[in-house]
Amino acid sequence: MAEMPPRRDPAPLVEGETVELEDAAPGETEVAGGVLVALDDEAAVERNPEHYANIADDIDKARPGYLKGFATELLELIERDKKSREKRDEQYAEGIRRTGLGNDAPGGAQFEGASRVVHPVLTEAAVDFESRVIKELFPAKGPAKSHIPGKATRDKVQKAERKAKHLNWQLTKQMEEFRAELEQLLTQLPLGGSQFMKLGWDAARKRPTAIFVPVDEIYLPFAATNYYTAERKTHKQDITEQEFNRRKKSGMYRDIELPAPPAEGEASAAEKASDKVEGRALDPYNSDGVRMVFETCLCADLEKEDEVAPYIVTIDKWSGEALAVYRNWRQDDKQKIELIWTIEFQFVPWRGAYAIGLLHMIGGLSGAATGALRALLDSAHIQNFTGALKLKGGGKGGGSERVQPTEIKDIEGSLVQDDIRKLVMPLPFNPPSPVLFQLLGFVVEAAKGVVRTTFENLADQKTDMPVGTTLALIEQGMTVFSAIHGRLHDSMRRLLHVLCRINDMYLEEDDLKDEAGELLARRADYAGPEDVVPVSDPNIFSETQRFAQTQAVVARSDAHPELYDQRAVETMLLERLRIPDFEKLMRKAPEPKPMNAVNENIAATAGRPIVAFPEQDHLAHIQVHVEFMASPALGSFVLLA
C-alpha cells in the first residue's frame, strides 16, 4: 500500500460556472440558484488523504502497548500458516528440480559417468502453456477492451473506450514491468498450481505498479478454502536496506529504530531450487541488508475495541515491530468491505485454497520418463565401454588396469599365458532394451495427454476437412486447456478491476495524457460501473480456433451473400491472417454524396448508396422516387425489379 496523495480542495462556485453533480443523468443540465450545473456520469467522491495514511503511530497513542502485543500474536499465527504449507513448498521445489534446469533432478544411477539428463516433458509443457496464453491475455495492443453493461449510450461508449485506451497505454508503456511479471507468472503457474500478481501505487513515479508473487511467498491459514475469503492473507517480502529506508522516508513505514537483520537470510525450498536454475547463490554476508517483512490483510479491532474492520498490517520479522497499519476499505464504504490488491491465477482448482499444477498431475510420469531415459543412456554407455573381470595372478602383481577410451596400454603376461583374452572376461551387460524404449514413449504420451496444449493431432487430418469437423477436433483436444484459459480470463478481469480502482483512488491529474500529450482519458471516467473487460475471449483460446470460425463465416457468406456484408467479412478474414495495412489493398467503400432526386434514382438502380441529407427538400425527393417506382418503363420495369 502507498500513501494516498493529497486531493485538491474544490473551488467555490461562481455565477454561471459549470460543475458536476453526483445524482444526475448523463448529459443533462440544470439551473439552480443562479448556477449552471452540468450533470455528468458520476462525480468522484471527495477523497480524504488521512483515511489511506499509515495509522500505526495513531493506534500506539490511542492504545499504548496494544499494537506491539497484536504484532507478536500475529507473528505466531503467520508462523503456523507457514508450517501448514511446508509440504506444498517442497512439492513446488520438486517440480522446479524435475525440469532439469538446475542440474539437480532427483533419481538416477550413482556410478561414475552415469547420465543426469532429464526428460523435458514438464519444461516443454510449461513453456508451451505460457507461449499460448500470453498471446491471448496480452496482445500487442493491450489486454483491455470496452464493454458496456446495460443499455449503450454515446456517453457510456465514449467513456468506456477512453478507459480501455488509457489502461492499454498504462499496461504496455507506462508500467514497463507488467508484461515481464505476467510472463514469469505464467511460466510458473503449471508448476506451482497457483501464482499471484500484486498491484499497488508508486507515489514517487506517480503510476501503478505490478509484481509477480510466487505461491511460496503467500501464506494462508490451514482452514482457508479460498484465497479471497481467507481470514489472513500474508505476503512475505524480502526488502533491501535501501528500499526499506526509502519506504520509511516516504511515510509508508514508521520511522523507528530496528536491529540489523541477520547475516544469513531465509529462503524457501522453492526459492533455493529456483536459484539453482538461475545460477545464483544466497549472499552469506547479506551485503544488501535484506530484511524480511510480512504484509498481512486481515480483519481486526485495531482502532476501537469490538469494532472489527479490514486492515493491512506490515510487521518486521526479526524485531516483531509493526511497521505500518492501513485501513483496507474505501472511505465512502459504510459496510467496510475488504479491498483486494493481489490477484490469484489458478491452473486447476482442487479441494483446498491452493490449486494444483502439472507437477501434481504428471509429476510421477515425468519422473518415470526421466528414469527410463537415463536407464537407456546408461545401458548404451556401458555397452560401448564395458567393464571386465581379470584373473588374479594372471599378470604383474595380480592387479587391475584402467584403460581410457582410445588409450593403448601394455600389460605383462605370465610365464605360461601370453593371450590376454584368456585372462580377462568382459562383463555381459545388456544393450539398451527396446521394451524400455517403448515404455518411455508410452509414459511421455500419457503425460502429454493429461493437459494437451498443442494441436499436433490436426496435422494428421486432411487439408480439405470441413470447418465444423476442425472446430470439433479442437474442442475435443483442448477441453482441459479451455477451462484453464477461462479461469485466467477471469483473473485478468479482476486485475483490470483493481487497476481501475487504483486509478480512481490515486491519479492526480484530471486529464490523463500519454507521453506525446494526447488525451487518453479523464480521471472522472474511473468512477462508476465496471465497463472494461479483458480483450481475451474465454471461449476462444487459439488462433487456430479463431481462424476456423472465420472460415465458417466466409463459407456461410458465400452460400448466402444476401445476408452478409461482404466487405465486413473480407475485413475480418484479412485481420485474422494478420495482413499488414490490408486497408490499402481493398477498394475504398463508396461514400454517399448529396444528389438531386433523378440522380438518386439512377444511383439506386446501379446499386450505389444514397443518403438523405438535412438540407434537401425531402417531400420533393419522395414524390420523384414514388413516380419513378410507379412508372412501368422505369422502376416497375421487369428488368429493373
Side-chain angles (χ1 to χ4, degrees), residues 88-133 183-184 186-193 195 214-216 269-279 347-348 355-385 429-457 459-460 477-478 480-481 484:
R88 174 83 185 200
D89 182 33
E90 294 173 1
Q91 291 174 336
Y92 184 21
E94 183 182 358
I96 296 176
R97 289 196 298 269
R98 286 198 179 280
T99 62
L101 301 177
N103 296 324
D104 63 340
Q110 300 302 318
F111 66 87
E112 183 179 356
S115 175
R116 289 291 178 265
V117 69
V118 177
H119 196 282
V121 60
L122 271 179
T123 306
E124 179 186 356
V127 173
D128 185 71
F129 171 80
E130 186 276 333
S131 301
R132 293 190 180 278
V133 171
E183 292 200 81
Q184 287 186 54
L186 294 176
T187 55
Q188 294 299 302
L189 185 61
L191 301 178
Q195 302 294 347
V215 66
D216 55 295
E271 284 181 293
K272 295 176 182 178
S274 185
D275 286 343
K276 289 186 178 181
V277 175
E278 298 177 30
F347 196 74
V348 176
I356 62 174
L358 287 179
L359 168 68
H360 306 86
M361 294 186 285
I362 62 172
L365 292 174
S366 173
T370 295
L373 181 60
R374 287 178 174 179
L376 287 170
L377 294 176
D378 288 341
S379 61
H381 170 72
I382 295 173
Q383 181 70 18
N384 288 334
F385 191 70
F429 288 104
N430 292 325
S433 169
V435 176
L436 186 59
F437 182 76
Q438 294 176 1
L439 179 62
L440 173 61
F442 170 77
V443 170
V444 172
E445 186 61 28
K448 289 185 176 181
V450 176
V451 179
R452 189 172 298 276
T453 61
T454 58
F455 295 99
E456 61 268 17
N457 290 344
D460 301 330
M478 300 289 288
V480 177
F481 181 73
I484 298 172

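The minimum heavy-atom distance between A93 and A273, with the atom names listed, is O-CB, 3.8 Å. Closest approach of S379 and P432 over heavy atoms only: OG-CA, 3.3 Å. Considering all non-hydrogen atoms of both residues, D216 and A270 come closest at CG-CB, 3.8 Å. Nearest heavy-atom pair across H119 and T370 is N-OG1, 3.2 Å. Counting all heavy atoms, side chain and backbone alike, A126 lies closest to P190 at CA-CG, 4.0 Å.
Screening K276, Q188, E271 against I96 for a side chain to side chain contact (heavy atoms under 4.5 Å, CB included) leaves a single residue, Q188.
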Return all side-chain donor-acceptor pairs below 3.5 angstrom for residues 356-369, not counting sequence neighbours, or 'none' if the list is empty.
from: H360; atom 1: ND1; to: G357; atom 2: N; distance (Å): 3.0
from: H360; atom 1: NE2; to: Q91; atom 2: OE1; distance (Å): 3.4

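Note: S115 OG to L376 CG = 10.0 Å, rounded to the nearest 0.5 Å.
No side-chain donor-acceptor contact under 3.5 Å links R374 to the backbone of V118.
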Practice prompt. Please lay out, stage by stage, how L189 and V133 fare under the test side-chain contact (heavy atoms from CB on, under 4.5 Å).
Written response: CA-CA 11 Å; L189 185 61; V133 171; over 6 Å; no
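By the salt bridge (Lys or Arg N to Asp or Glu O under 4.0 Å) test, K272 is found to be paired with no residue, residues two or more places apart in sequence or in another chain being considered. Here V127 pairs with T123, S131 under the side chain to side chain contact (heavy atoms under 4.5 Å, CB included) rule; sequence neighbours left out.
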